[in-house]
Amino acid sequence: MSDLIKPQILNIKTIAKSTIFEIQSVDLKFANGERRTYERFRPGKYAAVMVVAIDGDDLLLVREYAVGTENYELGFVKGRMDAGETPEQSANRELQEEIGLGARKWVHLRTINTSVSFMNHPMHILLATDFYPSKLEGDEPEPLQLVRFPVVKIDELLADPTFNEAKNLTALYCLRDYLQRKACVNK
C-alpha cells in the first residue's frame, strides 16, 4: 500500500450548513489524472467516546430517544469529547452525566471511524469498571433509562432490534473479543 499516491485536493468549499452539520464539496485530482468532486461532512474538531460499562455481571446500557429513527433505542453511554479531555476523562464525564456513575478502571478497546467516505469523526470505545456514585449535569432533554443486561447474554443483545446502531454493535463485538482473549490468558 505504500506505493499509493493520495489524490491532490484542488478545492474545498462549503455547500450546505446547519447548526450541527456542514457539507463540503471537495475537488480532487488523482495520480492518473482523473478528476472527481466528492461531498463530505466537514471533518470534526472533536472525537467522541463510547463507554462499555460492566458492573459485576451486567452491562450498563441506556435507552434514549433517537430522532433519526424516531424511536427509543438501546445503546452504550456515548458523547463528544470536550477540548483538552483524554478519552478516559471524557468517558468518565459522560458516565456521570448519563447514568450517575464514575469509573476507576479503563481499558481502551478500539478507536473506530464510521462512514469514512463521507466524514472523519473518530470514536474511542472504552471498557469501564469499578464504579462509584457521581452525578454531573448533562445536556440530555430527559433522564436516560439505565438498563442492566447480563454480559453472558451478549448474543441476545446482538439480536435485540432496539440495539441496532452500528457503533454499538461494533463496541459489543470488541467487548466479546476482549473477554475471549482475557479468558484464554486466564486458562
Side-chain angles (χ1 to χ4, degrees), residues 17-22 41-115 119-154 156-158 160-179:
K17 191 173 184 174
S18 74
T19 56
I20 58 173
F21 297 114
E22 182 177 322
F41 289 101
R42 180 183 52 81
K45 295 178 185 174
Y46 303 104
V49 292
M50 179 171 282
V51 185
V52 179
I54 298 180
D55 185 26
D57 296 328
D58 293 333
L59 289 167
L60 303 179
L61 304 163
V62 292
R63 192 172 313 278
E64 164 176 33
Y65 185 76
V67 71
T69 60
E70 298 179 6
N71 284 310
Y72 280 90
E73 303 284 347
L74 188 60
F76 293 112
V77 167
K78 62 186 170 300
R80 188 184 90 171
M81 291 178 62
D82 288 342
E85 285 183 323
T86 66
E88 292 79 9
Q89 289 168 334
S90 178
N92 206 37
R93 176 182 48 74
E94 289 293 338
L95 272 176
Q96 292 172 71
E97 290 174 0
E98 294 190 12
I99 62 172
L101 295 173
R104 293 183 188 91
K105 294 185 182 174
W106 297 94
V107 175
H108 180 267
L109 296 176
R110 181 159 184 140
T111 298
I112 62 171
N113 205 330
T114 58
S115 303
M119 63 181 154
N120 180 20
H121 293 281
M123 176 174 271
H124 305 286
I125 302 171
L126 297 128
L127 171 63
T129 55
D130 192 12
F131 300 100
Y132 58 91
S134 179
K135 181 71 176 154
L136 293 176
E137 189 67 32
D139 59 0
E140 287 73 28
E142 63 183 358
L144 302 183
Q145 179 188 9
L146 175 63
V147 177
R148 289 182 166 271
F149 202 98
V151 175
V152 295
K153 294 186 176 186
I154 283 178
E156 286 181 32
L157 184 56
L158 287 168
D160 186 315
T162 66
F163 187 83
N164 62 17
E165 184 179 20
K167 294 178 285 192
N168 285 310
L169 293 168
T170 300
L172 197 56
Y173 283 117
C174 289
L175 173 65
R176 187 168 69 179
D177 290 350
Y178 171 81
L179 294 174

Peer 1: Considering only heavy atoms from C-beta outward, does the side chain of Arg93 approach that of Leu136 to under 4.5 Å?
Peer 2: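 Side chain of Arg93 against side chain of Leu136, heavy atoms only: contact under 4.5 Å found.
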Peer 1: Do Arg63 and Glu73 sit within salt-bridge range, that is, some charged N less than 4.0 Å from a carboxylate O?
Peer 2: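 No, this pair does not count.
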Peer 1: Would you check, one step at a time, whether the test side chain to side chain contact (heavy atoms under 4.5 Å, CB included) holds for His124 with Met81?
Peer 2: CA-CA 10 Å; His124 305 286; Met81 291 178 62; 3.5 Å; yes
Peer 1: How about Phe76 and Phe163: are their ring centroids closer than 6.0 Å?
Peer 2: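 Phe76 vs Phe163: aromatic centres under 6.0 Å.
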Peer 1: From Tyr65 OH over to Leu144 CG, what is the distance, rounded to the nearest 0.5 angstrom?
Peer 2: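 Here the rounded value is 14.5 Å.
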Peer 1: Ignoring hydrogens, what is the shortest heavy-atom contact between Leu95 and Ala128? Give both atom names and the distance.
Peer 2: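 What the structure gives for the nearest pair is CD1-CB, 4.0 Å.
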Peer 1: Do Thr129 and Asp55 touch side chain to side chain, with heavy atoms closer than 4.5 Å?
Peer 2: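 In short, these two side chains do not touch, never coming nearer than 4.5 Å.
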Peer 1: Taking all heavy atoms of Pro161 and all of Asn164, pick out the closest pair and write down the distance.
Peer 2: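 Closest heavy-atom pair between Pro161 and Asn164: O-ND2, 3.1 Å.
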Peer 1: Just verifying a value: how many Å separate Thr19 OG1 and Lys17 NZ, rounded to the nearest 0.5 Å?
Peer 2: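 One gets 10.5 Å once the value is rounded to the nearest 0.5 Å.
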Peer 1: Which distance, rounded to the nearest 0.5 Å, do you find between the SG of Cys174 and the CG of Leu127?
Peer 2: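 With rounding to 0.5 Å, SG (Cys174) is 11.0 Å from CG (Leu127).
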Peer 1: Please report the closest heavy-atom contact between Ala171 and Met50, naming both atoms and the distance.
Peer 2: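 Of all heavy-atom pairs spanning Ala171 and Met50, the closest is CB-SD, 3.6 Å.
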Peer 1: Would one find more than 12 heavy atoms of other residues, nucleotides or ligands at under 6.0 Å from atom CZ of Phe149?
Peer 2: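 Yes, because the 6.0 Å sphere around CZ of Phe149 holds more than 12 heavy atoms from other groups.
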Peer 1: Can you check side chain to side chain contact (heavy atoms under 4.5 Å, CB included) on Leu126 and Leu109, steps first, answer last?
Peer 2: CA-CA 5 Å; Leu126 297 128; Leu109 296 176; over 6 Å; no
Peer 1: Is the side chain of Asn168 donor-acceptor paired with the backbone N or O of Ala166 at a distance under 3.5 Å, no angle test?
Peer 2: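 Checking the backbone N and O of Ala166 against the side chain of Asn168, no donor-acceptor pair under 3.5 Å is found.
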Peer 1: Using every non-hydrogen atom in the two residues, find where Ser134 and Gln96 come nearest and quote the distance to one decimal.
Peer 2: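 The answer is OG-OE1, 2.6 Å.
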Peer 1: Is Glu156 reaching over with its side chain to a backbone N or O of Lys153, donor-acceptor style, under 3.5 angstrom?
Peer 2: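 Absent.
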Peer 1: Heavy-atom distance under 4.5 Å between the side chains of Phe131 and Arg104, does that happen here?
Peer 2: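 Answer no - side chains too far apart.
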Peer 1: Just by distance, do the side chain of Asn113 and the backbone of His121 share a donor-acceptor pair under 3.5 Å?
Peer 2: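 Confirmed, Asn113 side chain pairs with His121 backbone.
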Peer 1: Can you tell me how far OG1 of Thr170 sits from CD1 of Ile112, rounded to the nearest 0.5 angstrom?
Peer 2: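 It is 5.0 Å, given to the nearest 0.5 Å.
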Peer 1: Check whether any side-chain heavy atom of Val152 sits under 4.5 Å from a side-chain heavy atom of Asp57, and report yes or no.
Peer 2: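 No, every pair of side-chain atoms sits at 4.5 Å or beyond.
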Peer 1: So Thr111 and Met123, side chain to side chain contact (heavy atoms under 4.5 Å, CB included) or not? Walk me through it.
Peer 2: CA-CA 6 Å; Thr111 298; Met123 176 174 271; over 6 Å; no
Peer 1: For Lys105, does the NZ atom sit with more than 12 other heavy atoms under 6.0 Å from it, leaving out its own atoms?
Peer 2: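 No - once you tally the heavy atoms of other residues, nucleotides and ligands closer than 6.0 Å, there are 12 at most.
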Peer 1: Distance-only, no hydrogens or angles: does the Lys78 side chain make a donor-acceptor pair with backbone N or O of Val51 under 3.5 Å?
Peer 2: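 No: the side chain of Lys78 does not pair with the backbone of Val51.
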Peer 1: Measure the OG1-NE2 distance between Thr86 and His108 for me, rounded to the nearest 0.5 Å.
Peer 2: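 Reported to 0.5 Å precision, the distance equals 11.0 Å.
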Peer 1: Tell me, with the steps shown, if Leu60 and Val77 meet side chain to side chain contact (heavy atoms under 4.5 Å, CB included).
Peer 2: CA-CA 8 Å; Leu60 303 179; Val77 167; over 6 Å; no
Peer 1: Taking atom CG as the centre, does Asp160 end up with more than 12 heavy-atom neighbours from other residues, nucleotides or ligands that are less than 6.0 angstrom away?
Peer 2: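 Correct, the count exceeds 12.
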Peer 1: Measure the spacing between OH of Tyr173 and CD1 of Ile125 and express it to the nearest 0.5 Å.
Peer 2: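 It is 13.0 Å, given to the nearest 0.5 Å.
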Peer 1: So does Asp82 get a backbone contact from the side chain of Glu85, meaning a donor-acceptor N/O pair under 3.5 Å?
Peer 2: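 Flag set: sc Glu85 to bb Asp82 pair under 3.5 Å.
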Peer 1: Could you tell me whether the side chain of Asp58 reaches within less than 4.5 Å of the side chain of Pro150, counting heavy atoms only?
Peer 2: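 Yes, at least one pair of side-chain atoms sits under 4.5 Å.
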Peer 1: Closer than 3.5 angstrom, by distance alone: can the side chain of Asn92 be matched with the main-chain N or O of Ala103 as a donor-acceptor pair?
Peer 2: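 Yes, the answer is positive, given that a donor and an acceptor are paired below the 3.5 Å cut-off.
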